[in-house]
Amino acid sequence: MQAIILAAGMGRRLGDYTKDNTKCMVPVNGVRLIDRLLGQLAKQQLNRVIVVVGYKGKELREYIASQYGQKLTANCQLQFAENPIYDKTNNIYSLALVKDKLQEDDTLLIESDLIFSDRIIPMIVDNPYPNLALVAKYETWMDGTMVRLDDDQNIVNFISKDAFDYNEVDSYYKTVNIYKLSKIFSQQKYVPFLDAYTKAVGNNEYYENVLRIISLLNNHDMKALPIGNEKWYEIDDKQDLDIAEALFADEKDVLRKYYGRYGGFWRFPQMLDFCYLVNPYFPSKRMKNELRANFDTLLTEYPSGMKVNTLIASKSFGVSEPYIVPGNGAAELIKVLMEENNGKTGFIRPTFEEYPNRYDKDSQVTFVSQDADYRYTADDLMTFFGDKDILQLMVINPDNPSGNFIPKKDILRLAQWCEERQIRLIVDESFVDFSEDYSNNSLLSDEILETYPHMAVMKSISKSYGVPGLRLGILCSADKDLIARIKKEVSIWNLNSFAEFFMQIYNKHEKDYERACAKFVAERTDFYKQLQQIPFFHVMPSQANYFLCEVLPPYKASEIVIYMLKQHNILTRDCSLKPGLAPKKQYMRIAVRDHEDNTRLVEGLKELAK
């Protein structure tokens, strides 16, 4: 068997990365694509590897020669072919240049801009079927040639870009651009059709078009081999390179590569995300359908300004217009609120770091719970801050990551204590709808806000409403001057049309939301029991949609996080370095998802425990 690597393309979409080198010379986590590929091929019993070069071909040949000489292994020759008109042709011409060699041996045909698991090449080599295309179930990041399969994994059609239909994606597989072609197939089918196709259509085409024509003959010459959950990526542009570096990061870098993204994990559709904190049961299917039905209008029309969106937010959340300001996520409102800098402010740690990170460090007074499970009460806060001369007190309730919850009656006692001392109390209740008796725990009402005018209530709509992609949050207070100042600080068009429409239709879906919250509370109870079965976890009670777990010996949190990511494609959060947590202990925060996902996580942890 031999391998043919197509490496003539210019890689324009990679910009500066391919200014002086072809795509396969681009490093991913410090290793060039060509080195990774040749290293994987060196483990196979190949007779030769032929590299078709074009753009920066001289540099590529010299580099390979300097690293490998004329041989990949003792029995495997390295050869080159050159496409001199790489800028006027496509990969069909590069392959046609070596069509004679294609007919001399069984061939692995591989494009050079790929990165993939070490298990991929053995998968196709060891499969007994002579003509195979590796394929992956369609995912949103994929571009290029798609195929349809029959029940016997025969490729029955190649779907070109022009024929691609988003309504049919459930039946699509993407070609991984790694093929195995038998010598007989190349001699009797592929090369004759290749000659006829290039003669009729030209050389600025793709070699898959020839396979598409052959598939239409219904001879089932080409089978597909789905790769399942094996990792791979095709690197065409800078974003592809960024994602590939996360997918194939070394253990020492993998967490930094993922955590540093701060979201966008829909780009990794097979990965389960147990870091980000949203309601798994809302929005309902009915609400999503209503959003979909209005997609075209919302995409192409301007949103309303602050005045209208304040009115809609008032309607949705039951707070008078002068008392509420909607934001482009709570993050926008947190930034403006913290930048007011009203002097010494009390913070509780461990907590959501966005608040203290936005505030002057010299003006922070920090309470750290001494309880083993990081529990604290309103009385604990009043005792600690009673002599601290603070002007503001920041409370997240339930808190993140501890899940500690101060009951509503006690939060109101704390609010009264702050009123008497002219202290602004800021309560972030983004997770309150996950608490037991959630429907009675919110502070969002005119009566409460007017009773405690020094109190401001923040709520991220992303969390309990399950819509982080909309970027929506609200801040409420009977301090009209505060609300008016913040409205002036944010953009008049700070909400997009989808967030505006969500608020517009929310009230008619409110019953579904209440059912979703009740379902969540039941699932959290069950998940808590499952996590308690893990011998290396001490699971702390929570009234939010996550659990803080102390990791017990012999494991470290980072070891568990890396194991779950590498072995089960599940991303969890190492919290060990979070301010306020005991420095000599190890901690993880684990989100609560739906029952199927939670069970998958627990099964992975149990495997590690064995």
Side-chain angles (χ1 to χ4, degrees), residues 137-144 146 148 159-174 237 239-240 243 261-273 276-317 326-332 433 459-474 490-517 593-594 597:
K137 202 77 178 71
Y138 172 78
E139 295 174 356
T140 53
W141 63 267
M142 296 174 179
D143 191 19
M146 305 290 162
R148 276 200 179 93
I159 312 297
S160 67
K161 288 185 178 182
D162 292 340
F164 187 96
D165 184 349
Y166 282 99
N167 295 315
E168 302 291 332
V169 294
D170 287 345
S171 66
Y172 287 172
Y173 286 80
K174 169 72 177 75
D237 56 35
Q239 178 178 280
D240 294 337
I243 293 172
R261 305 182 73 87
Y262 297 102
F265 292 136
W266 48 267
R267 292 186 175 91
F268 305 85
Q270 293 186 25
M271 185 180 75
L272 274 185
D273 174 16
Y276 284 82
L277 311 171
V278 297
N279 191 334
Y281 300 115
F282 197 79
S284 64
K285 182 178 179 180
R286 191 165 65 100
M287 189 179 202
K288 290 177 183 177
N289 286 339
E290 186 166 0
L291 285 163
R292 288 190 190 99
N294 290 275
F295 178 86
D296 290 352
T297 300
L298 298 174
L299 182 67
T300 57
E301 297 284 347
Y302 270 96
S304 302
M306 175 59 72
K307 180 179 179 180
V308 172
N309 278 323
T310 297
L311 185 152
I312 299 173
S314 170
K315 171 187 74 76
S316 296
F317 302 107
N328 183 4
E332 179 186 42
D433 291 353
K459 191 179 187 76
S460 166
I461 307 307
S462 300
K463 310 296 190 298
S464 54
Y465 293 85
V467 288
L470 294 184
R471 306 310 306 136
L472 184 60
I474 54 172
V490 300
S491 167
I492 189 173
W493 284 295
N494 65 332
L495 300 190
N496 62 61
S497 294
F498 294 93
E500 176 183 348
F501 188 71
F502 176 87
M503 292 194 297
Q504 179 177 314
I505 66 174
Y506 164 69
N507 292 114
K508 61 181 176 180
H509 297 275
E510 199 163 4
K511 291 295 183 184
D512 288 335
Y513 179 66
E514 293 171 1
R515 284 189 284 268
C517 291
R593 293 175 60 104
D594 65 23
D597 291 346

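Hydrogens, waters and symmetry mates play no part in the numbers below; they use all other heavy atoms, side chains included. Numbering starts at 1 and runs along the sequence shown.
A salt bridge links Asp433 with Lys459: at least one charged nitrogen is closer than 4.0 Å to a carboxylate oxygen.
In this structure, the side chain of Tyr172 engages the main chain of Asp165 through a donor-acceptor pair within 3.5 Å. A donor-acceptor pair under 3.5 Å links the side-chain atoms of Ser497 to the main chain of Glu301, judged by distance alone. Within the 3.5 Å criterion, the main-chain N or O of Tyr281 finds no donor-acceptor partner in the side chain of Arg515. Panel note: side chain Asn309, backbone Met306; no donor-acceptor pair is recorded below 3.5 Å. In this structure a side-chain-to-backbone donor-acceptor pair under 3.5 Å is missing from Glu332 to Val490. Looking only at distances, no side-chain donor or acceptor of Asn496 sits under 3.5 Å from a matching main-chain atom of Pro303.
You'll find the side chain of Phe502 reaches within 4.5 Å of the side chain of Ile461, heavy atoms only. Using a 4.5 Å heavy-atom threshold, the side chains of Arg471 and Ser462 count as touching. The closest side-chain heavy-atom distance from Leu472 to Phe498 is not below 4.5 Å. Two residues are said to be in side-chain contact when any heavy atoms from C-beta on lie closer than 4.5 Å; Phe317 and Ile474 meet this criterion. Side chains of Asp240 and Asp237 form a contact here, defined as non-hydrogen atoms less than 4.5 Å apart. By the 4.5 Å heavy-atom criterion applied to side chains, Phe501 and Glu290 are counted as neighbours.
Between Tyr506 and Tyr465, the angle of the ring planes goes over 60°, which puts this pair in the perpendicular group of the 30/60° scheme.
When the options His509, Glu510, Lys508 are evaluated for a side-chain contact (heavy atoms from CB on, under 4.5 Å) with Asp512, the one that passes is His509. If you run side-chain contact (heavy atoms from CB on, under 4.5 Å) between Lys174 and each of Met142, Glu139, Lys137, only Met142 comes through.
Distance check: Leu311 CG to Gln504 CD gives 10.5 Å after rounding to the nearest 0.5 Å. For the atom pair CG of Asn279 and CG of Asp594, the computed distance is 10.5 Å after rounding to the nearest 0.5 Å. Within the model, atoms CD of Gln270 and CG of Leu272 stand 10.5 Å from one another, a figure rounded to the nearest 0.5 Å. In this structure, the separation between OG on Ser284 and OH on Tyr513 is 12.5 Å, given to the nearest 0.5 Å.
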query = Given the rule in the side chain to side chain contact (heavy atoms under 4.5 Å, CB included) test, do Trp141 and Gln239 qualify, once you have shown the distances and angles that lead to the verdict?
reply = CA-CA 10 Å; Trp141 63 267; Gln239 178 178 280; over 6 Å; no
Verdict with reasoning, Met146 to Glu168, per side chain to side chain contact (heavy atoms under 4.5 Å, CB included) = CA-CA 11 Å; Met146 305 290 162; Glu168 302 291 332; over 6 Å; no
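No more than 12 heavy-atom neighbours from other residues, nucleotides or ligands sit within 6.0 angstrom of CH2 on Trp493.
Arg593 and Asp273 make their closest contact through NH1-O, 2.9 Å (heavy atoms, listed as atom of the first residue, atom of the second, distance). Residues Arg261 and Phe268 come closest through the heavy atom pair NE-CE1, 3.5 Å. Annotation for Asn328 and Leu495: closest pair N-CD2, 3.8 Å, computed over non-hydrogen atoms. Heavy atoms only, all atoms of each residue included: Val467 and Pro283 are closest at CG1-CG, 3.5 Å. Taking both residues in full, the closest heavy atoms of Asn494 and Gly327 are given as ND2-CA, 3.5 Å, listed atom of the first, atom of the second, then distance. Nearest approach of Leu298 to Leu291, heavy atoms of both residues: CD1-O, 4.5 Å.
Under 3.5 Å, the side chains of Asn289 and Arg292 contain a donor-acceptor pair of N or O atoms.
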